[in-house]
Amino acid sequence: MSLYHEAADILERAQKNGGSLKSIVFGKKTWKTDGKTLFALTSEAAKWSEILSEVVERSGVLGVEKSLTPTLALLLTHDLFLSKKGVALPSSHGLNTSISRHKVRLSAELTKARLRRGFATLDALRAHVNSEAANGPPTDPDSKPRIRHPRWIRINTLRTSFDDELAASFTTYTQAQSLKEITHATPDQRLYHVDEHIPNLIAITGPDDPTTFKSYKQGKLILQEKASCFPAYLLDPRPGEGDVIDACAAPGNKTTHVASLLTDSQSKVTACEKDPERSKTLEKMVKLAGAGDVVTVKQKQNFLKLDPAAKECRNVTSLLLDPSCSGNGIFGRDEATVTVRLPSATTTVPASKGKKRKRGGQKTQPAPEPTDQDGDAITEETPEQDDEDEAKLKARLENLSTFQLRLLQHAMSFPAAKRITYSTCSIHAEENENVVVQALLSDVAHSRGWRIMKRADQVDGMRRWHKRGSVDAARQAIAASTTEGGAKDFDAAEVADSCIRCEKGGEDGTMGFFVAGFVRDGDVEIEPNGGRNGAVEEADGAADDDDEEWNGFSGDEA
Ligand SMILES: C[S@@+](CC[C@H](N)C(=O)[O-])C[C@H]1O[C@@H](n2cnc3c(N)ncnc32)[C@H](O)[C@@H]1O
């Protein structure tokens with residue numbers, strides 16, 4: 001019973017205050033209904049809200065059913081016609097009877113709404129609604145053509161081969177020679193493009209929802225943003241060289257990517273995840289991707305508490321570090337294209353009787369994030385709130401970068417480690433070039449011989465990637481550190497060129513992202529203590545780190 005009232009509350013808050021549905025649902029822990037169910041219903045209803053508002057308003061149902069608020073009517077109408085299971089209430093329940101007794105009238109209005117939009121069947125309308133949610137509404141012909149964000153799909157070579165999968169899932173798709181064809185496609189064009197930087201990655205566009213593909217459900221296709229594929233690829237783990245740690249692993253996209261690069265070797269991946277719920281998702285995703293033989297999931301494992309000197313870590317040669325961040329690089333493609341429109345309470349008479357429909361304020365709201373086959377959200381991060389004030393943001397970035405630096409220094413303390421990648425889905429220099437410079441200047445980097453992985457030493461696709469770090473940001477970070485001494489040897493242009501950035505949106509079809517690699521020859525003696533900025537100190541102070549890190553998730557707390 002609380003489902004519909006709680007869902008109505010969420011949609012109304014979203015319409016009134018903005019913010020993402022995800023933040024509203026998962027930011028509150030006291031809902032009676034579970035968050036996944038609430039998110040699934042509200043995000044679907046949000047997608048259909050334009051059409052369903054029209055249906056509810058034109059049916060006149062609100063004029064006769066006093067127990068129904070406009071939002072309840074919209075949600076119940078959604079479930080009555082569009083949910084496989086129908087209205088999730090006993091047929092005798094008051095809310096169910098008050099909507100069901102108007103089924104014929106509502107159904108007629110839904111048909112009219114469909115025909116007005118030129119769709120012959122409800123399935124065709126559904127495909128259109130899903131496509132608009134994914135790609136946004138068509139642009140005004142006079143305006144600049146809108147750039148369509150591609151749907152990036154990594155073909156999981158642990159379960160299938162690239163060619164087999166193209167033949168299995170994309171037979172109705174035409175190959176596009178350039179990414180531009182994808183970013184400028186019309187919504188109904190089914191196209192795929194083979195990425196030129198990351199092996200086994202394709203960009204697609206079209207009306208289909210790839211989460212409904214059989215191969216997706218079998219773990220053969222992984223929905224993963226292009227930029228998010230950079231860290232594992234840049235890490236370039238060499239089969240047989242040694243083991244890998246994914247330090248902050250859930251939901252596991254990069255973990256399974258690394259695992260796919262280590263096939264036919266004895267090398268193992270240890271995936272740490274501190275958060276209990278996300279640990280379960282990680283475990284599930286690793287199994288689904290067929291990476292269970294290669295990956296050991298350490299559930300509820302704080303990476304800072306993993307002892308680098310432990311026997312199990314002695315053979316770790318590569319570490320992938322993708323910690324929590326402000327998340328402001330996440331391209332809110334899905335979030336920006338779904339509109340919540342709630343029916344107007346004042347227009348309760350069918351339009352045929354001459355009343356004008358009132359169009360309520362529109363807010364952009366999220367469509368569901370990609371989910372695993374059980375509907376678990378598998379986003380990597382929560383987008384930053386737009387309305388955060390500057391002082392709050394500054395404090396949050398300070399907290400985050402302190403935490404990120406600690407993790408990075410801890411990664412640098414693994415005795416056999418030779419390569420590390422550090423990444424964030426943030427575009428803030430504080431979390432990126434600044435952390436890189438500070439890590440390079442730390443005692444642990446110095447004592448163990450860590451240096452930046454230069455562009456010339458990067459794996460082919462990353463060397464060719466055009467967008468590099470910010471020279472200004474690197475220069476400022478170096479200048480800030482020079483006062484403490486020791487930064488004179490760093491060349492800002494070289495540091496920046498070694499870093500990789502991705503722009504949020506635009507013709508590259510990427511989210512905002514940052515990644516840098518660190519290398520060492522592995523022959524420097526380990527010091528008993530990490531020194532001033534050493535990892536041992538950070539690990540000891542890990543209890544405080546928990547709080548600091550969670551400040552980074554204010555997007556979830558809204
Ligand atoms: C940006 S997400 C990682 C996304 C993941 N790499 C992927 O590609 O699917 C950061 C994750 O790190 C986890 N985390 C944060 N601090 C951690 C720590 N100290 N030890 C282990 N995991 C941590 C968070 O709970 C979150 O799940």
Side-chain angles (χ1 to χ4, degrees), residues 26 152 154 156 198 222-235 244-260 269-286 288-289 291 295 297-307 319-330 369-372 376-384 399-411 420-426 431-432 511-515 535 538-553 555-556:
F26 295 106
W152 291 101
R154 181 165 61 79
N156 177 17
I198 303 287
I222 294 181
L223 304 188
Q224 186 170 357
E225 284 286 323
K226 172 169 177 169
S228 161
C229 297
F230 284 15
Y233 180 54
L234 180 68
L235 188 65
V244 181
I245 287 180
D246 185 351
C248 295
N253 285 338
K254 297 178 188 76
T255 316
T256 57
H257 190 192
V258 168
S260 74
V269 180
T270 300
C272 303
E273 173 53 51
K274 196 174 72 167
D275 180 71
E277 276 309 305
R278 291 174 71 91
S279 293
K280 286 187 210 151
T281 306
L282 171 65
E283 187 86 59
K284 218 156 49 172
M285 297 304 285
V286 164
L288 180 66
V295 178
V297 172
K298 279 191 177 283
Q299 291 204 21
K300 297 185 255 176
Q301 173 69 55
N302 183 339
F303 173 63
L304 289 170
K305 292 187 177 163
L306 193 66
D307 179 5
L319 293 102
L320 188 150
L321 177 60
D322 183 45
S324 305
C325 66
S326 65
N328 79 333
I330 294 173
E369 297 287 350
T371 56
D372 67 12
D376 278 345
I378 56 162
T379 49
E380 294 175 14
E381 200 46 273
T382 309
E384 192 174 276
N399 259 350
L400 279 166
S401 55
T402 304
F403 153 78
Q404 290 153 347
L405 181 61
R406 284 182 179 177
L407 287 164
L408 186 46
Q409 289 173 321
H410 189 61
I420 298 171
T421 57
Y422 167 77
S423 52
T424 71
C425 48
S426 161
E431 300 177 86
N432 300 328
M511 65 197 276
F513 202 81
F514 175 91
V515 58
E538 272 86 44
D540 288 346
D544 294 336
D545 299 328
D546 293 1
D547 293 339
E548 284 179 14
E549 183 260 317
W550 280 109
N551 290 336
F553 280 80
D556 271 344

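Counting starts at 1 for both ligands and their atoms, in listed order. From a predicted model like this one, the values you see are computed outputs, not experimental measurements.
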Numbering as shown, the atoms of ligand 1 that approach D322 to under 4.0 Å (heavy-atom distance): 1 (C), 2 (S), 3 (C), 4 (C), 5 (C), 6 (N), 8 (O), 10 (C)

Per atom 3 (C) of ligand 1, closest listed option by heavy atom (P231, A250, S228): A250

Test item: side-chain donor near acceptor, S228 and N253, under 3.5 Å: no

contact_flag K305 ligand 1 heavy-atom lt 4.0 Å: no

Closest non-hydrogen atom pair between V295 and A271, with its separation: CG1-CB, 4.0 Å

R278 and ligand 1 - part of the residue with a heavy-atom distance under 4.0 Å: side chain

Numbered atoms of ligand 1 (with element) below 4.0 Å of F303, judged on heavy atoms: 18 (C), 19 (N), 20 (N), 21 (C)

Any side-chain donor near an acceptor of the partner, Q299 and E273, under 3.5 Å: no

Flag, side chain of H410 to backbone of D307, donor-acceptor distance under 3.5 Å: no

N or O pair under 3.5 Å between P323 and ligand 1: no

D322 side chain to T424 side chain, donor-acceptor N/O pair below 3.5 angstrom: no

Option whose closest heavy atom lies nearest to atom 13 (C) of ligand 1, chosen from E277, H410, E273: E273

Under 4.0 Å to a heavy atom of D275 - the qualifying atoms of ligand 1, by number: 25 (O)

For the student: nearest non-hydrogen atoms of S426 and N328, plus distance: CA-OD1, 3.1 Å

Pair K280 + E283, salt bridge at N-O below 4.0 Å: no

All ring-ring contact (aromatic ring centres under 6.0 Å, His included) counterparts of Y422, not counting sequence neighbours: none

Check: R154/T256 side-chain N/O donor and acceptor closer than 3.5 Å: yes

Backbone or side-chain N or O of D246 under 3.5 Å from ligand 1 N or O: no

Those atoms of ligand 1 less than 4.0 Å from some heavy atom in A249: 5 (C), 6 (N), 7 (C), 9 (O)

For Q301, atoms of ligand 1 separated by under 4.0 Å from a heavy atom: 20 (N), 21 (C)

Gap separating the CZ atom of F303 from the NZ atom of K274, nearest 0.5 angstrom: 12.5 Å

P251 neighbourhood, listing ligand 1 atoms whose heavy-atom distance to it stays under 4.0 Å: 4 (C), 7 (C), 9 (O)

Sub-4.0 Å heavy-atom approach of A247 to ligand 1: yes

Proximal ligand 1 atoms for N302, defined as those under 4.0 Å from one of its heavy atoms: 18 (C), 19 (N), 20 (N)

Polar atom proximity, F403 to ligand 1 (N or O, under 3.5 Å): no

Atoms of ligand 1 close to G252 [distance to a heavy atom under 4.0 angstrom, numbered from 1]: 7 (C), 9 (O)

